[in-house]
Structure formats: C-alpha cells, structure tokens
K.L.:
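The structure that follows is given in the form of structure tokens.
Chain letters run A, B, ... following the sequence lines, proteins first, then strands; residues in each count from 1.
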Number of protein chains: 2
Amino acid sequence: MTLADTAPAAEPRASLRERKKLATRRSLRRHALDLVAQRGFMHVTVEDIAEAADVSPRTFFNYFPSKEAALFGADPERVAALREGVLHQAPGEPALDALRQVLVAEARKVTSELGDLGGEPQEMLRRMKVVRADPHLRAAQSAHMANIESALAEALAERLGKDPARDPYPALLASIAGAVIRATTVFWASTGGAEPLDQLTDRAFQALADGMPEHCSLRPVIRTAAPGKDEE
Amino acid sequence: MTLADTAPAAEPRASLRERKKLATRRSLRRHALDLVAQRGFMHVTVEDIAEAADVSPRTFFNYFPSKEAALFGADPERVAALREGVLHQAPGEPALDALRQVLVAEARKVTSELGDLGGEPQEMLRRMKVVRADPHLRAAQSAHMANIESALAEALAERLGKDPARDPYPALLASIAGAVIRATTVFWASTGGAEPLDQLTDRAFQALADGMPEHCSLRPVIRTAAPGKDEE
DNA sequence: GGGTCATGTTGCGCTCACTGAAAGCTGGTA
DNA sequence: TACCAGCTTTCAGTGAGCGCAACATGACCC
C-alpha cells in the first residue's frame, strides 16, 4: 500500500506522520468493510480488522471509538460543515429549504466517484448495502445519526432563534431530516445506486414539503430550477 | 413486594408463574430506572440492577437482551398492536392519517396514569428524562426505534400495496414517524410532562401534514372533538 | 400428600468490546 | 546527532452478553 495516492493533493502535502495516520484510518475502514461484507458484522472481531490492517487491536480504538464507527463514522469536520451550512445556507429562506439544499449537496459529495474520505469509488454504496443487510447495523446507524441530529437541532434552533426548551420544532425537524437521510440512503443501496442519492434526497424533501401525500412523486420527476432531472 | 397488585385484573388472574415473571420483569425495570436516574447509565452495571432486584445477573439477560432494553424495551406485543393498527385503522383514509391516529392513541396509553406495562404512574416521564439526559441513551433509543420503524414500514407497505424494493415511501414514512415519536417524547420530558404527549404527537403530525412550515402550531391549539382541522 | 414434567433460575466459563497506563518506536526539529 | 512529541504496542482489567449444565419451583395428575 502506498501512502501518497488517491488524494489530488490540493494541499501542500501533509507531513509524513499525517499521511501515515490517514492511510491507517483508511486501511482500517477498508478492511472493516471488506470483512463485514464477507462474513457479516457479527462474525468479524476488532482483532480481525486490526490484523487485516496490520495494526494492534488497541490501535483500532485509537482511531475509532467502536467497531461500528469504522463502518459509518462521520468525521467531526463533516458534521461541523453541516452545522455551518444549516446556519448560513440560503439566508432568508425557510430552514426546511436550507436543510434540503445542504443535505442534497452532502448526498452528492458522499456518493461522488471519489467516495467520502477519499476512499474508493462505490465505497459508500458497499457500506450501505452492508448496513441494509444487518438489522443490528441499521440500529447502529440510527444511533449514530442521533448524534448528528443533535447537532442539526442545535443549528436549526440557532438559525430560527427558537429556544429548544420551549419549541420542539428544531429538534423535530432535525429528527425528521435524519429519518429522511436514513431512509433514502437505505433505499438507494437497495436499488444498487441506480438513482443518484442526491436526487432521492431531493424528492424525499419535496414529499416532506408537500405534507407526505401518499401518491407523491418519489419517483423521478421533471423539475425546473436545480438538478437537471430525468424522467423515468 | 406483593405480586398481585397494580393490575385491575380484568383477566382470570394469570398463573402464579406468570405473575412472578411479570413481577420480576417490573422489578428489574424499576430498579434499572431508579439506579440509572441516580447514577447515570454508565455508572450502573447489570450486576447492580440484578442485585437490586434480587436476582442473578444471568437472570437479567433472561428478561432483557441488553442493559438498555430494561429501560425502553417495547414488548413485542405492543409492536404487533401498532402493526395491526397501521394495517386496519381508518380504512380508506390516507396512511398518514391512520398512522397519526394510531400513534396518538399509543402516546395516550403510554402516558396514562397506570404507565406502560402496568408500572407506576409517571414512570414513562422518569424514563424519558433519564434518556434525555444521556447522549448514549438517546442514541440507544434511536437504535431501538429503528426496529419498530422496520415493522411500521412493513405494515405501511402492505397497507399501501407498495413494494418496498421499488418505492421508498413506506420506509420513509416509517422513519419519519419514528423521528416524530422520538422528538416529541424527548420534548415532552423536557417540559416535565406539562403538555400531554398525545397532544404533542398530534400537533407534530399536523405540522408534518402541513409540510413542516416554520411557524406551525406546535404550541397548544384549540381543537374540536375529532381531528376536525384547524387553521394555523 | 407425592411424583413427574415443564419451566424458570443460577453458577460457570467463555468471548469480545473497550479502556487506562506504561513502555517502546518513529517522525519532526534544532 | 540528540531530543522531544506523538503514535503504537503490550498488558491488565472491567463489563456486556451468551451457551450450557445443574438446580429449584410451579403446574398437573393421581
């Protein structure tokens, strides 16, 4: 495994130490995903993953707080970026719209060829397929998302100038946003990534804005303005 | 601790064995809640709980699959009831409305004086206060809710005659319903139960049906008997 | 009441996730 | 080169959770 690849290196090339750390992180992530895809989450131990990545088990926990985190650990920086987006995206417009824009953009990033964290293409898809297959992992994903939802709720409350202790709206919206993300992502994986995740996300938010009608257009729709759109 | 109390005994009085089992279950739940409320989830071991309830630690796991489950374990029968409700409540009406009715009714039951599982009054409130305080527990609650969401999604798909593999609507709606439950419940706890949970739930669903407008009426509204619609 | 069976409880041993501390290794730097 | 900061490893320990084999106890029948 070479250390200096896959990254377009827009930055002045991090120190060797940093590169090694990033490589180890990726290696752990990658091997965790591989092993879990092969054997199922339950039948993979942290020791297995560490061994595959050629580090000690203890080192695994220096990188990830839990076995699950190696699969869908969102870096703090990404959460901070979401926060930032929720606060400042589309000022003046409704928070729901801003949230929608931010999350659609995030979905696009995460599923772009490079994959998140600069990993392999399709990595996100593989990850979600694995998650989809295992109820325990779906639960763990929900748990993980709960933390992100908290951050979102906080940001939404700030944007709206509402006191979370008095108004449930920010927390409610944040929870719903999390639900949308989880549902669309799992569905996306179940179709093998046939329809881009960002479009699915956008349509889900449209349905939400329309009051979740039963015959809503969760299937491809011709929309003006933003993303080009196809019909089915 | 007497065995035969708290239950109005509409039934022919279960066998001694059944009564003991139920008593043990309640005792474990109760002591788990007490201890966690005192010391925090992290600082309570299963051994502590078992000791307090006067059973062996092994027995604890005969009743609950995990430490968390003693706090917010929904009995399978209750989930089955939800499923049933989603399938057959308000036939002909939109699934969202049926879901709303079912969950509002559930909220009323769960927060009724008797508490769920026939426990103490206010037990639900104490439980949710504890959950609200601890991020780990909030995550665990999300994880737990994910399972219920799966059941809801299945039921919704059946009701709507939609194929979950082709249409994300049922899963999306189920996830959102779970999000609504979690958000409203946590908020309800944060207000100390000032406003009835079922009303909060109903208003949250109203907001959802209205497309989550920012200035929606999540605060008390004068509403007539049945969901006779209000304008905001 | 006594015998028998089904069911529930317990003790034991084990795996594995996860953590703190101390010692060893390695890259950055003067 | 020498030193220091930061990373990795080893080690020892806690605690969740599970399978299994006794053991205890209601339930049932006579």
K.L.:
Nearest whole Å is fine: how far is dT10(C) P from Glu51(B) CD?
P.N.:
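Nearest whole value for this atom pair: 13 Å.
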K.L.:
Decide whether Asp48(B) and Thr45(B) meet the rule of one side-chain donor and one side-chain acceptor closer than 3.5 Å.
P.N.:
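There is such a pair (donor and acceptor under 3.5 Å, judged by atom type) between the side chains of Asp48(B) and Thr45(B).
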K.L.:
Hydrogens and angles aside, do Ser142(B) and Arg182(B) bring a side-chain donor and acceptor to less than 3.5 Å of each other?
P.N.:
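Looking only at side-chain atoms, Arg182(B) and Ser142(B) do form a donor-acceptor pair, the distance falling under 3.5 Å.
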K.L.:
Of Tyr63(B) and Pro65(A), whose closest DNA chain C nucleotide lies nearer the 5' terminus?
P.N.:
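First, find each residue's nearest nucleotide; the 5'-ward one identifies Tyr63(B).
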K.L.:
At under 4.0 Å, does any side-chain N or O of Lys21(B) touch on OP1 or OP2 of dG8(C)?
P.N.:
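Yes, within the criterion.
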K.L.:
Considering every strand and a 4.0 Å limit on heavy-atom distances, what is the contact class for Thr59(A): base, sugar-phosphate, or nothing?
P.N.:
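Base, at least one base heavy atom under 4.0 Å.
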K.L.:
When the distance from CZ of Phe60(A) to P of dC7(D) is rounded to whole Å, what number comes out?
P.N.:
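So the two atoms are 18 Å apart, to the nearest Å.
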K.L.:
What is the distance, rounded to the nearest whole Å, between atom NE2 of His43(B) and atom C1' of dT14(D)?
P.N.:
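Value for this atom pair: 13 Å.
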K.L.:
Measure the CG-CZ distance between Leu33(A) and Phe72(A) for me, rounded to the nearest 0.5 Å.
P.N.:
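Rounded to the nearest 0.5 Å, the CG-CZ separation comes out at 11.5 Å.
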K.L.:
Ala95(A) and Arg159(A): which non-hydrogen atoms are nearest, and at how many Å?
P.N.:
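Here Ala95(A) and Arg159(A) meet closest at CA-NE, 3.9 Å.
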K.L.:
What is the separation between atom CD on Glu68(B) and atom P on dA16(D), rounded to the nearest whole Å?
P.N.:
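So the two atoms are 10 Å apart, to the nearest Å.
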K.L.:
When you get a sec, tell me which of dT9(D), dG27(C), dG8(C) is the closest nucleotide to the side chain of Asn62(A)?
P.N.:
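Minimum distance to the Asn62(A) side chain belongs to dT9(D).
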K.L.:
Nearest-Å distance, CZ (Arg58(B)) to P (dA22(D))?
P.N.:
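Those two atoms, CZ and P, are 16 Å apart.
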K.L.:
Is the shortest heavy-atom distance from the side chain of Arg126(B) to the side chain of Arg30(B) under 4.5 Å?
P.N.:
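Yes, side chains in contact.
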K.L.:
Can you tell whether the side chains of Arg29(A) and Glu123(A) come within less than 4.0 Å, N to carboxylate O?
P.N.:
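Answer for the salt bridge query: no.
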K.L.:
Would you indicate, yes or no, if dT9(C) has its OP1 or OP2 atom less than 4.0 angstrom from a side-chain nitrogen or oxygen of Ser56(B)?
P.N.:
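So the side chain of Ser56(B) is outside the cut-off, no N or O lying under 4.0 Å from OP1 or OP2 of dT9(C).
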K.L.:
By nearest atom, which of the nucleotides dA17(C), dG27(C), dA16(D) is closest to the Lys67(B) side chain?
P.N.:
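Nearest to the side chain of Lys67(B) among the choices is dA16(D).
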K.L.:
Grab the CZ-P distance between Phe64(B) and dC18(D) for me, whole Å please.
P.N.:
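Phe64(B) atom CZ is separated from dC18(D) atom P by 14 Å.
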K.L.:
Is the shortest side-chain heavy-atom distance between Val46(A) and Phe64(A) below 4.5 Å?
P.N.:
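Counting from C-beta outward, Val46(A) and Phe64(A) never come under 4.5 Å.
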K.L.:
Quick one: Phe61(B) CZ to dT15(C) P, roughly how many Å, whole number?
P.N.:
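Distance check: Phe61(B) CZ to dT15(C) P gives 18 Å.
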K.L.:
Over the length of the helix from dG1(C)-dC30(D) to dA30(C)-dT1(D), how much do the five-pair end axes diverge, rounded to 10 degrees?
P.N.:
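Roughly 10°, once rounded to the nearest ten degrees.
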K.L.:
Take atom CG of Leu16(B) and atom C1' of dT9(C), then tell me their distance rounded to the nearest Å.
P.N.:
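For the pair Leu16(B) CG and dT9(C) C1', the rounded distance is 15 Å.
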K.L.:
What's the closest nucleotide to the side chain of Val55(A) if the choices are dT9(D), dA6(C), dG28(C)?
P.N.:
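Selected nucleotide: dT9(D).
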K.L.:
Can you tell me if the side-chain N/O atoms of Lys20(B) get under 4.0 Å from OP1 or OP2 in dG8(C)?
P.N.:
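It does not, given that no N or O in the side chain of Lys20(B) lies less than 4.0 Å from OP1 or OP2 of dG8(C).
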